[in-house]
Structures are given as structure tokens and as C-alpha cells.
Asks: 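One structure, as C-alpha cells, below. Some questions next.
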Amino acid sequence: MDNTALENRVFNPPAEIAENANAKADIYEWAKKDRLGFWDAHAKELVTWFQPYDKILDDSNPPFYKWFVNGKLNVSYNCVDRHAKSNRRNKAAILYESEIGKKVCLTYGMLYREVNKFANVLAGLGVKKGDRVALYMPMIPEATVAMLACARIGAPHSLVFGGFSPESLRDRINDCGAKVLITSDGNFRRGKPFPLKDNADKAMEDTPTIEKCIVVKNAENEVVMKEGRDLWYHELMATAANYYEPEVMDAEDMLFILYTSGTTGKPKGVVHTSGGYLVQTQATLKYVFDIKEDDVYWCTADIGWITGHSYVVYGPLALGTTVFMYDGTIDYPDKDRMWDMAERYGVTKFYTAPTAIRTWMKWGTEYVKKHDLSAIKILGSVGEPINPEAWMWYRENIGHGEAPIMDTWWQTETGAHMVTPLPGVTPLKPGTATVPFPGIEVDIVDENKNSVNEGYLVVKSPWPSMLRTVYGDDNRYIDQYWKKFGDFYFAGDGAKRDEMGYIWVTGRVDDVLNVSGHRLGTAEVESALVECEEVAEAAVVGKKHEVKGESVCAFVILKDGFEGSPELIEKLKKHVGVKIGPIAKPDDIIFTSSLPKTRSGKIMRRLLRDIAEGRAIGDVTTLADPGAMQEIAAKYAGKE
Ligand code: 6R9
């Protein structure tokens with residue numbers, strides 16, 4: 001990513017896409033001239049309001065911005081009712097395939113019915129507007145049904161990624177005080193059932209607010225159902241009534257909470273509301289993936305992440321798109337699984353993460369070549385910077401040498417795309433997310449807020465799908481995002497600008513790692529490590545990794561009386577996996593007797609990263625003990 005000046009391959013939009021694209025070149029000018037008017041027009045075009053809003057943006061109390069003030073709507077109504085009542089009634093909303101080959105098709109009419117029934121189930125269990133509902137589910141249609149049913153009642157959902165540990169689930173449930181947990185018996189991973197319900201049971205040993213747990217039968221693995229608390233989804237649905245009147249929600253009522261890693265050990269509950277979120281997820285999807293009526297759209301993200309929320313569930317369903325969903329590993333039964341499905345379902349738009357692209361690259365093109373991917377028109381990338389090699393491979397092999405790649409930069413906090421090309425308009429360069437979406441004002445600034453060509457990525461004005469706060473902690477919201485630059489939103493990423501004005505996101509500038517596109521706080525991993533009786537102190541850094549982008553590398557000081565050994569390394573890795581989840585497991589653990597610290601006691605992770613990535617060690621003059629680095633470097637070298 002240091003070669004921005006060297007990257008001069010430019011790919012213009014294919015004529016066929018440019019001619020018929022939803023977004024024409026003048027869209028930028030329009031949004032520039034009248035930013036609020038641009039969002040106003042899309043709010044009117046893309047959302048069915050029960051009551052119109054009387055103001056587009058209320059910025060009287062920054063950073064607590066309000067969009068589409070006093071507008072009333074229901075997000076589930078927008079995602080199902082309006083399609084079920086139109087000629088999309090028998091159009092496929094969800095096409096689903098499980099790892100072991102189970103197939104489900106839900107039309108908009110069927111999805112509408114399921115959502116209504118499940119809303120009645122939840123209401124029957126006492127869930128009311130404002131109550132929180134936790135979801136710990138695989139990528140199955142019932143997860144989408146459950147999310148939309150929550151939205152119908154006005155009960156904010158909080159999804160916890162199925163790969164997270166019982167402890168992570170417990171902490172997230174307790175932070176938001178969820179009343180109901182929805183989970184499933186399990187799901188298949190490489191042909192074996194993964195026991196989600198067992199994990200949920202462990203979490204629920206210490207979640208006082210949970211009254212009921214609803215279990216979807218999926219993998220048919222054995223589970224223990226606790227009398228009075230646990231209920232089967234299919235039994236509840238069998239007797240549920242067919243219609244639930246959608247709750248009339250304010251544009252600023254909470255739609256969901258989604259936890260994400262920050263710079264401290266405790267994950268933040270990012271709060272998203274209804275109106276602005278529904279406007280921007282749809283507008284971006286419509287233009288960035290150029291959504292058309294006959295598309296078969298596949299975003300490979302898990303619904304437990306923001307990409308799943310915005311671009312598997314809310315954005316595409318609100319637009320009435322056919323969404324393909326797969327629950328399983330990408331190489332089961334063989335390494336061509338994804339391309340086999342893309343061919344069979346005739347996927348036209350495909351959205352995935354660089355880490356997956358690099359994995360396919362490593363496997364070689366023979367698996368791709370077995371399949372006809374000619375239906376694919378547009379490709380997308382999200383989650384981390386995409387290296388130009390992976391970009392070219394993606395275009396050549398998945399995009400048959402011509403499909404434009406939408407490298408979309410955004411975050412859990414931004415709710416929807418922020419920096420991204422448009423397929424019929426923007427000339428592309430491999431490795432850059434290019435320019436801000438129309439109506440979004442992004443800049444790169446230095447410490448003093450001056451616009452520069454290399455520095456911090458900021459958003460200069462509020463946008464409709466922005467987070468509204470950190471759940472239960474307004475101060476953390478202010479501290480984290482608004483303290484550094486006042487009225488500019490601080491994204492936590494660094495960026496460069498090239499001679500075309502394109503933005504190259506270079507990665508996090510804070511203590512957040514990006515492992516396979518998943519955010520992980522160094523502090524989270526460190527606190528898991530120091531929980532082990534042998535560990536006195538730990539410092540965690542991200543180390544460049546060919547496939548994962550970054551891998552976790554931990555430097556550990558043991559307590560007196562303990563000695564480093566391969567067994568202890570295994571034990572510590574396992575503990576982190578159990579405590580946070582397998583994605584957080586360190587690849588490297590190095591025992592050392594000291595860590596590089598400033599005189600004020602702050603660990604200089606930058607220097608540890610230099611060691612882990614084999615660079616000359618940077619400036620050590622601010623260290624309390626400059627000699628410490630030599631020992632650590634020697635220990636690291638000894639490991640290899
Ligand atoms: C949507 C999502 C956000 C962080 C973000 C940045 C990195 C995401 C990127 C990208 C470069 C892209 N990131 N997309 N970096 N180019 N196209 O991933 O949300 O999980 O909250 O992660 O991911 O570092 O700050 P989230």
C-alpha cells in the first residue's frame with residue numbers, strides 16, 4: 001500500500017454498464033450543490049413513510065444529529081409489506097443454501113408472512129417496543145426473519161456473531177439488557193455441527209435479563225432445552241397469527257445495537273436508528289451495485305457483522321432485491337463451492353472481503369475455471385484495504401476481466417458505504433476506494449485539522465446512516481469519535497490521497513487490529529491473556545499476513561516462577577480462542593522479560609510491530625529503557 005504513486009493502471013467503466021447505470025456522472029454535481037436536497041430526494045424516493053418528516057437534518061446539538069425529524073416509518077414494512085403487496089409478491093427475496101445442500105426459497109410474500117408470524121411470537125412472549133432482543137444465529141433465513149420481526153415490533157436487536165465465545169455473548173447481552181435470546185441448535189462447519197445452543201447455554205448461566213430463549217432447529221444436533229426458558233421456534237410459529245400491525249416508529253427510534261471493538265477492552269454498542277439508516281443503505285446499494293430488478297445479489301458477509309446487517313438484510317430487502325445466502329465454509333466439499341453456487345444461482349452482483357479473495361488466489365484458478373461466472377456484472381470488496389494484486393486477480397478471474405470492482409470503505413459506525421466508486425461513472429485503480437459517495441464529505445487531515453495528502457480520514461459533516469451514540473454511554477461516543485477534531489468525525493483510519501484525488505485507506509491508526517476483515521481491539525486480546533495465571537503482562541500487535549491481512553502477535557511477560565514452553569503457548573492461544581472467539585487466537589506468542597514503554601508507562605506497540613514485521617526498529621528515544629528492544633528482538637528472532 002506504500003506504492004500509491006506507482007499504481008497508474010486505470011480502468012474505465014464498461015460502456016454497457018455506464019449506459020444503463022442507476023447513477024450518472026451528474027450525481028456528484030447534484031449532491032455537491034445541494035447535499036441535503038440530495039438526501040431529501042432519496043428519503044422520499046426510497047422510503048415509504050407513514051408520516052412525512054418536517055426537517056431533513058437537525059444539527060442543533062452536535063454530535064447528536066437527527067435525520068428526517070418527526071418522520072414516521074417501520075423498517076420491516078419497507079423491507080417486506082410494500083413488496084408483498086406489489087408485483088414482487090412472488091419474486092424470490094431469499095435464496096438460501098446450507099453447507100450440506102439444504103435449499104430454501106422465500107418469496108417476498110412468504111417472507112412477509114414469516115416476519116408477521118414471528119413478530120406475533122415475540123409479542124406473545126412480552127417483547128414490546130424498546131425491549132432489546134439478542135440474536136446468536138447462523139446465516140439462515142430465520143435470522144433475517146427474526147431481525148425484521150424485531151424491527152416490526154420496534155424492539156432493537158443485537159446480533160452476536162456465531163463465532164464469538166459464550167463469554168463474549170454474555171457480555172453483549174448484559175450490556176444491552178436483552179430480554180429474549182434467539183439462537184439455533186447449531187450449524188454445519190466442514191460437515192460437522194457446531195453447537196451454538198451449548199454456547200448460548202453457557203452464556204445464559206449469567207444473563208439475569210434473559211427471560212426466554214427461542215431455538216431454531218437447524219443442524220439437528222442434540223440440545224438441552226431448559227424448562228420454562230427455552231422454546232422451539234417451529235412450535236411457536238405453528239400457532240402464531242398471520243398478521244402483526246407494524247409499530248409506528250420515529251425516524252430516530254433505535255433499529256439495532258451492534259457491538260464492535262474499540263481501543264479499550266470493552267466492546268462498544270454502536271447504536272443505529274431507523275430513517276437515515278434505511279435511506280443510506282438503499283441509496284448506496286442502488287448506485288454502488290447498480291441494483292436492477294432481475295439481479296441475484298450475493299454478499300458473503302455474516303449477518304453478525306455490519307456488512308450483513310446493511311447489505312444482506314436491510315439494504316437489499318428494502319430495494320426488493322433477490323438475495324442469495326450461504327451458510328457454510330468456502331471449501332466444502334471442495335474449493336470450488338462458491339463458484340459452483342454462483343453459477344447455479346446465476347449470481348449477478350458479488351460482494352466479499354479481500355481476505356477471501358487472497359485465499360482463492362492461493363488455491364489457484366483451476367477451481368474458478370470449472371464454472372461459468374459470466375452472469376457476474378459487478379464485484380465488491382469490503383473490510384480492509386485490498387492489495388492491487390488481489391484486486392487484479394478478482395477482476396481477471398471472478399469478474400472475467402471486465403467486471404468493475406467496488407472497493408467500499410465504511411465502518412460499523414458509518415452504517416453504510418462512505419468512500420466508494422460508482423460502477424458506471426468512476427474510473428478505477430487497483431487498491432483504492434476512490435472517492436466519497438455523493439452527499440458524503442470526507443477529507444484527510446493532519447493533527448491540526450488541515451487538509452493534507454496523508455493523515456487521518458475524517459467525515460466533515462453528518463450523514464444519514466451515522467451511528468447516533470454508544471449504547472448507554474454518550475460520553476464514550478463523544479470521546480471516541482468527536483474529541484480529536486471537534487465537528488469532524490474521526491474514523492480511526494489513516495489515508496493518503498493520490499494525484500487523481502483518490503483516497504487510499506492505509507489501515508487503523510489506533511489500537512485496533514483487522515484480522516480477516518474482523519475488528520479486534522489489542523486491549524481485548526491483552527486482557528484475555530493476562531487472565532491466565534502464568535501471565536504478568538501482555539502487548540498485542542497486528543502483523544502483516546498474506547491471507548488474513550493482519551495476524552495477532554502477542555508479546556508476553558510471565559510471572560516469576562513460570563517458564564515459557566510450547567505447551568504454554570498452546571494453552572494461551574486456546575484461552576484467547578475460548579475467551580473471545582477463534583478469530584482472536586494469536587498466531588505468534590513471544591515470551592519476553594520487558595516491554596517497550598514510554599516514561600509515562602504507555603506500551604509502544606509501533607516498535608513491537610517493527611519487530612514482528614522484520615523492519616528496522618523505529619525511534620526508541622522516548623523509551624524508559626531503550627535497551628529493552630534488543631532483548632525482545634533477539635527473543636523474536638529465536639522464535640523463528
Ligand atoms: C464495513 C466494515 C471497519 C474498518 C475500517 C477500516 C477497515 C473497511 C475498507 C477498510 C480499507 C476498505 N475497512 N473497509 N479499509 N478499505 N474498503 O468492515 O466495518 O467491521 O466496523 O470495520 O475496516 O479500517 O475502519 P467494520
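All ligand and atom numbering here is 1-based and tracks the order in the structure. No hydrogens, no waters, no symmetry mates; every other heavy atom, side chains included, goes into these values.
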Asks: Looking only at protein heavy atoms, identify the closest one to atom 12 (C) of ligand 1 and say how far it is in Å.
Replies: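 Minimum-distance protein heavy atom for atom 12 (C) of ligand 1 reads E384 O, 3.5 Å.
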
Asks: Give the contacting part of Q411 toward ligand 1: side chain, backbone, both or neither, where contact means a heavy-atom distance below 4.0 Å.
Replies: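 Both the backbone and the side chain of Q411 come within reach of ligand 1.
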
Asks: So H518 and W305, would you call those rings parallel, tilted or perpendicular, with 30° and 60° as cut-offs?
Replies: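 Judged by the thresholds at 30° and 60°, the geometry between H518 and W305 is parallel.
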
Asks: Looking at E252 and K66, does any basic side-chain N land under 4.0 Å from a carboxylate oxygen?
Replies: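 No salt bridge links E252 with K66.
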
Asks: Are any side-chain N or O atoms of K449 and backbone N or O atoms of F485, one a donor and one an acceptor, separated by less than 3.5 Å?
Replies: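 It does hold such a pair.
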
Asks: Check whether any N or O atom of E413, backbone or side chain, sits under 3.5 Å from an N or O atom of ligand 1, and answer yes or no.
Replies: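 Such a contact does not occur with ligand 1.
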
Asks: Give the numbers and elements of all ligand 1 atoms closer than 4.0 Å to a heavy atom of T307.
Replies: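 In order of number, 1 (C).
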
Asks: With atom 26 (P) of ligand 1 as the reference point, say which of V512, I386, L520, T412 has the nearest heavy atom.
Replies: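 The option holding the nearest heavy atom is T412.
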
Asks: Starting from atom 22 (O) of ligand 1, which protein heavy atom do you reach first, and at what distance in Å?
Replies: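 Heavy-atom neighbour on the protein nearest atom 22 (O) of ligand 1: R519 CD, 3.1 Å.
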
Asks: Could you tell me, atom by atom, which parts of ligand 1 come under 4.0 Å of a heavy atom of N514?
Replies: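 Ligand 1 atoms under the 4.0 Å threshold to N514: 7 (C), 23 (O).
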
Asks: Please verify the inter-ring angle class for Y277 with F256; under 30° counts as parallel, over 60° as perpendicular, anything in between as tilted.
Replies: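 Perpendicular: the ring planes of Y277 and F256 meet at over 60°.
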
Asks: My understanding is that we take every heavy atom of each candidate and find the minimum distance to atom 13 (N) of ligand 1. Doing that for G383, A416, P385, which one comes out nearest?
Replies: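 It is G383 that holds the nearest heavy atom.
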
Asks: If the threshold is 4.0 Å, N to carboxylate O, is there a salt bridge linking D587 and K548?
Replies: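 Result for this pair is yes, salt bridge flagged.
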
Asks: Could you name the option among L258, T260, V382, D493 that has the heavy atom nearest to atom 6 (C) of ligand 1?
Replies: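 Looking at heavy atoms only, D493 sits closest to atom 6 (C) of ligand 1.
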
Asks: Please list the nearest protein heavy atom to atom 2 (C) of ligand 1 with its residue and the distance rounded to 0.1 Å.
Replies: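 Nearest protein contact, heavy atoms only, for atom 2 (C) of ligand 1 is W410 O, 3.7 Å.
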
Asks: Can you name the one residue among D175, D473, D171 that meets salt bridge (Lys or Arg N to Asp or Glu O under 4.0 Å) with K266?
Replies: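 Single salt bridge (Lys or Arg N to Asp or Glu O under 4.0 Å) partner of K266 among D175, D473, D171: D175.
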
Asks: Whether the Y489 and E441 side chains hold a donor-acceptor pair (N or O, under 3.5 Å, no angle test) is what I'd like checked.
Replies: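 The answer is no; no qualifying pair exists.
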
Asks: When the ring planes of Y311 and Y351 are compared, do they come out parallel, tilted or perpendicular, using 30° and 60° as the limits?
Replies: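 Because their plane-to-plane angle is over 60°, the rings of Y311 and Y351 count as perpendicular.
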
Asks: Would G507 count as a contact residue for ligand 1, given that I'm defining contact as a non-hydrogen atom of the residue lying under 4.0 Å from a ligand atom?
Replies: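 Contact absent.
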
Asks: For ligand 1, which atoms have a heavy atom of T408 less than 4.0 angstrom away?
Replies: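 It comes down to these atoms of ligand 1: 9 (C), 12 (C), 14 (N), 17 (N).
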
Asks: So H157 and H309, would you call those rings parallel, tilted or perpendicular, with 30° and 60° as cut-offs?
Replies: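 H157 vs H309 ring planes: tilted.
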
Asks: Just distances here: any N/O of S381 and N/O of ligand 1 closer than 3.5 Å?
Replies: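 Min N/O separation from ligand 1 is not below 3.5 Å for S381.
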
Asks: If we set the cut-off at 4.0 Å for heavy atoms, which region of A433 has an atom near ligand 1: side chain, backbone, both, or neither?
Replies: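 Neither; nothing of A433 gets under 4.0 Å from ligand 1.
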
Asks: Under a 4.0 Å threshold between the charged nitrogen and the carboxylate oxygen, would K484 count as salt-bridged to E447?
Replies: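 Salt bridge present between E447 and K484.
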
Asks: Can you list the ligand 1 atoms lying under 4.0 Å from a non-hydrogen atom of I306?
Replies: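 This gives 1 (C), 19 (O) as the contact atoms.
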
Asks: Taking only heavy atoms of V505 into account, list the atoms of ligand 1 that are under 4.0 Å away from them.
Replies: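 In order of number, 11 (C), 15 (N).
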
Asks: Would you say S451 and D443 are linked by a side-chain donor-acceptor pair, where the criterion is simply a distance under 3.5 Å?
Replies: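 A pair is found: one side chain offers a donor N or O, the other an acceptor, under 3.5 Å apart.
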
Asks: Would W409 count as a contact of ligand 1 if the rule is a heavy atom under 4.0 Å away?
Replies: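 W409 counts as a contact of ligand 1 under the 4.0 Å cut-off.
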
